2 protein chains.
Amino acid sequence: MSTRPQPEPNERLHIKDVARLAGVSTGTVSRALNKRGRIAPATRERILRIVEQTGFVRNASALSLVGSRTGIVEVVVTSVIDEYFGQVILGINQALRPAGYSILLRLHVPDEERERYYAGQLSRRTADGALLIVPKHVNEGELLRQYQRGYPLVVVDHRSGDPAVPSVSASHYEGARQAVAHLLELGHRHIAIITGDLSEHSGRERLRGYREALAQVGMPRSGEDVVEGDYSPGSGADAMRRLLRQAAPPTAVFACNDHMARAALDVIKEAGLAIPRDISIVGFDDFPFAAATTPPLTTVRQPLDDIGRVAATMLLDLIDGQPLADTHVRLQTALVLRSTTGLPR
Amino acid sequence: MSTRPQPEPNERLHIKDVARLAGVSTGTVSRALNKRGRIAPATRERILRIVEQTGFVRNASALSLVGSRTGIVEVVVTSVIDEYFGQVILGINQALRPAGYSILLRLHVPDEERERYYAGQLSRRTADGALLIVPKHVNEGELLRQYQRGYPLVVVDHRSGDPAVPSVSASHYEGARQAVAHLLELGHRHIAIITGDLSEHSGRERLRGYREALAQVGMPRSGEDVVEGDYSPGSGADAMRRLLRQAAPPTAVFACNDHMARAALDVIKEAGLAIPRDISIVGFDDFPFAAATTPPLTTVRQPLDDIGRVAATMLLDLIDGQPLADTHVRLQTALVLRSTTGLPR
DNA sequence: TCTCGCTGCGTAAACGTTAACGCATGCCCC
DNA sequence: GGGGCATGCGTTAACGTTTACGCAGCGAGA
């Protein structure tokens with residue numbers, strides 16, 4: 001039934017075969033394949049031609065067994081693969097590629113906790129190090145234990161329980177302050193927040209930035225102005241509806257990510273209000289779609305690709321045994337002014 | 001400067017060390033670690049306890065060198081990681097996990113074509129097989145060549161040039177017909193299409209489905225009603241604007257993916273028209289956000305997780321040397337009725 | 001002509017693990 | 001009490017590649 005072609009029936013080429021075809025020893029083929037070692041140019045060319053013709057590729061396992069590095073970095077991520085991960089992984093890839101490293105994607109589906117622990121136990125040491133992109137304090141215990149034993153590890157976007165574990169993230173606190181400061185400058189005096197998931201580090205930090213920014217100008221705090229969301233569009237819509245039901249709705253809203261900001265936008269328009277005339281909105285993240293909402297969303301940009309790049313670079317240093325200049329790196333956010341913010345009515 | 005802990009300074013544990021600690025030979029430790037082989041329960045327990053205490057993990061390279069399989073599947077994907085990939089990879093993961101396989105993510109950034117070829121040449125055979133998620137006929141030549149040589153390969157969502165290469169995708173053609181048939185049943189007689197990227201297989205097939213559905217009921221075709229997009233929100237907005245500028249705009253629009261459908265929604269609302277009263281919209285994909293647009297989007301659901309699962313399962317069969325029941329699998333789409341379609345005015 | 005040094009290549013150990021093989025040991029059954 | 005068999009474990013070859021070492025051949029300088 002199968003149409004699978006098998007010109008050389010199941011027999012894969014080894015370096016020995018290439019050596020035989022070239023009439024040399026395996027050592028010489030190895031020298032031709034690598035750049036180092038003394039070899040006559042003519043011999044090298046001949047061998048490489050045969051390699052090209054036969055399509056010979058070296059066995060990675062043997063290679064890394066003798067080289068004592070696998071050239072693989074594992075990237076641990078929670079089950080959801082979204083814009084956030086998409087951007088970060090791009091940066092990771094940019095740093096890893098030139099260094100000759102590949103990405104082993106490890107998806108941690110929540111209901112596999114036990115199986116995961118088990119797998120962690122039995123896990124062969126496949127990679128030279130790991131990048132953790134798990135926003136919450138999920139049960140990454142096994143990996144942290146490995147770290148204690150010298151397994152290179154960098155955490156992306158949240159501080160792990162162990163302060164010794166290197167991490168890199170955007171400055172959520174500063175970013176939130178930037179957002180609120182912008183609204184204050186425009187003259188807004190009634191600014192609400194739709195928070196992110198407060199079980200995540202980023203969610204707590206953004207809320208803290210919002211509060212500090214208001215406290216700094218001596219603004220009164222009303223409990224009503226803090227509505228809890230969880231970063232999902234649905235939670236953003238719900239939160240916005242609650243804010244609109246207030247006797248005196250806010251003139252500006254800081255939504256802690258772009259998904260919730262977009263949902264809030266829709267709710268406001270549905271209610272017959274105009275943006276930014278009636279209500280101003282600031283988001284957070286600057287996801288690709290933020291420039292394409294109507295009106296285009298003013299938001300705080302996280303340099304997600306930089307985050308990935310920096311984290312990967314730090315990991316490569318750890319793998320090479322080099323000391324880290326900085327164990328915890330915080331990258332700057334930037335306010336991106338578009339059209340959802342304006343003067344209060 | 002580094003805070004990296006190194007309790008056992010750079011010395012990783014080997015099976016020999018465990019054997020010494022347990023007072024047995026390496027063979028016995030191996031038998032304790034694997035399930036097979038004759039070993040006294042007491043000895044096994046003692047060894048496993050030591051493994052647990054020391055945190056010993058076996059060297060993956062040595063393991064796969066002797067076992068002649070790496071337990072890794074490479075997933076090749078273009079640079080953009082979006083909802084589409086996010087869903088497919090979930091299915092892939094579901095199939096691969098239980099089988100003990102990991103995912104090696106290979107991001108093919110366009111401007112690295114040459115480097116990629118080079119890397120392909122030098123590439124160590126890291127994985128047992130590959131899954132290709134590249135919508136266009138990009139230069140996947142090197143991998144296809146490997147396939148000719150017996151490297152297991154499955155293409156996701158487009159037929160490769162070589163009909164012998166196994167593939168799996170949704171039935172774009174049937175899905176498009178479903179969408180248009182639904183609009184016809186509602187009574188629409190002026191139905192436009194915003195096409196996807198016509199350099200992609202999916203884009204061409206969806207257009208074909210639209211045309212056939214109309215031809216089947218003998219509807220006249222107007223060139224004006226086919227507006228070319230490229231799956232991006234921006235192209236969807238542009239296309240919708242062009243359609244609205246027509247003397248007699250269509251009463252229904254089939255947008256070839258959800259991104260463009262959402263953008264079209266915004267454009268229509270901006271123009272002061274009501275959905276679905278003035279214009280009906282059908283999308284394609286059923287991405288997570290489709291249920292959260294206002295109004296919620298009627299769309300054609302692609303079973304993306306199933307696609308991933310099926311492709312991965314086929315690949316595992318190939319790796320195991322089992323014949324494939326079906327070389328090209330087409331999965332059914334389903335119309336998801338929400339609130340953007342209604343009777344024509 | 002002899003020696004020295006360099007060049008090109010073959011040889012074999014090493015990387016860390018598995019699994020086939022074989023050898024004690026102890027038990028059962030006749 | 002002895003033959004046979006099952007059990008538990010040690011020994012070692014093998015997996016495919018790199019690399020340190022060593023040796024032959026050759027050209028150059030004295």
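Everything numeric in this text was worked out from a predicted model, so none of it was measured. Lettering of chains follows the sequences in order, A, B, ..., and the numbering in each one begins at 1.
- A side chain to side chain contact (heavy atoms under 4.5 Å, CB included) with B:Ile103 is found for exactly one of B:Leu131, B:Leu96, B:Ile72, namely B:Leu96.
- Atoms CG (A:Asn34) and P (C:dC9) sit 15 Å apart, rounded to a whole Å.
- With distances taken from any side-chain atom of B:Arg36 to the nucleotides C:dT17, C:dA19, D:dT17, the minimum falls on C:dA19.
- Across the interface with DNA chain D, nearest-nucleotide mapping of B:Arg38 and A:Val29 shows B:Arg38 to be the residue nearer the 5′ end.
- Between A:Lys16 atom NZ and D:dC15 atom C1' there is a gap of 9 Å when expressed in whole angstrom units.
- Look at CZ on A:Arg69: it is 14 Å from C1' on D:dT18, rounded to the nearest Å.
- The distance from atom CZ of B:Arg12 to atom P of C:dT17 is 9 Å, rounded to the nearest whole Å.
- In this structure, a donor-acceptor pair under 3.5 Å is present between the side chains of B:Ser61 and A:Ser64.
- With C:dG16, C:dG10, C:dT18 as the candidates, the nucleotide lying closest to the side chain of B:Ala62 is C:dG16.
- For C:dG10, the OP1/OP2 oxygens have a side-chain nitrogen or oxygen of A:Thr28 closer than 4.0 Å.
- A straight line from CD1 of A:Ile39 to C1' of D:dT19 spans 14 Å, rounded to a whole angstrom.
- The side chain of A:Ile15 approaches D:dT17 more closely than any other nucleotide in the set D:dT17, D:dG10, C:dT18.
- Taking the side chain of B:Arg58 as heavy atoms from C-beta on, and the options C:dG10, C:dG8, C:dT18, the nearest nucleotide is C:dT18.
- The side chain of A:Ala40 lies closest to C:dG8, out of C:dG8, C:dG16, D:dT17.
- Screening B:Thr28, B:Thr26, B:Asn34 against B:Ser30 for a side chain to side chain donor-acceptor pair (under 3.5 Å) leaves a single residue, B:Asn34.
- Along DNA chain C, the nucleotide nearest to A:Arg44 and the one nearest to A:Thr26 differ in position, and the one closer to the 5' end is contacted by A:Arg44.
- Cation-pi geometry between A:Arg69 and A:Tyr101 is met: under 6.0 angstrom from the ring centre, within 45 degrees of the axis.
- A donor atom on one side chain and an acceptor atom on the other are not found under 3.5 Å apart for B:Asp317 and B:Thr313.
- Regarding A:Leu65, its CG atom lies at a distance of 14 Å from the P atom of D:dC15, rounded to whole Å.
- If you take NZ of B:Lys35 and C1' of C:dA19, they are 18 Å apart, rounded to a whole angstrom.
- In this structure, A:Thr43 reaches the sugar-phosphate backbone alone: every heavy-atom distance under 4.0 Å involves primed, P, OP1 or OP2 atoms, never a base.
- The nearest whole Å value for the distance from the CZ atom in A:Arg31 to the C1' atom in D:dT19 is 8 Å.
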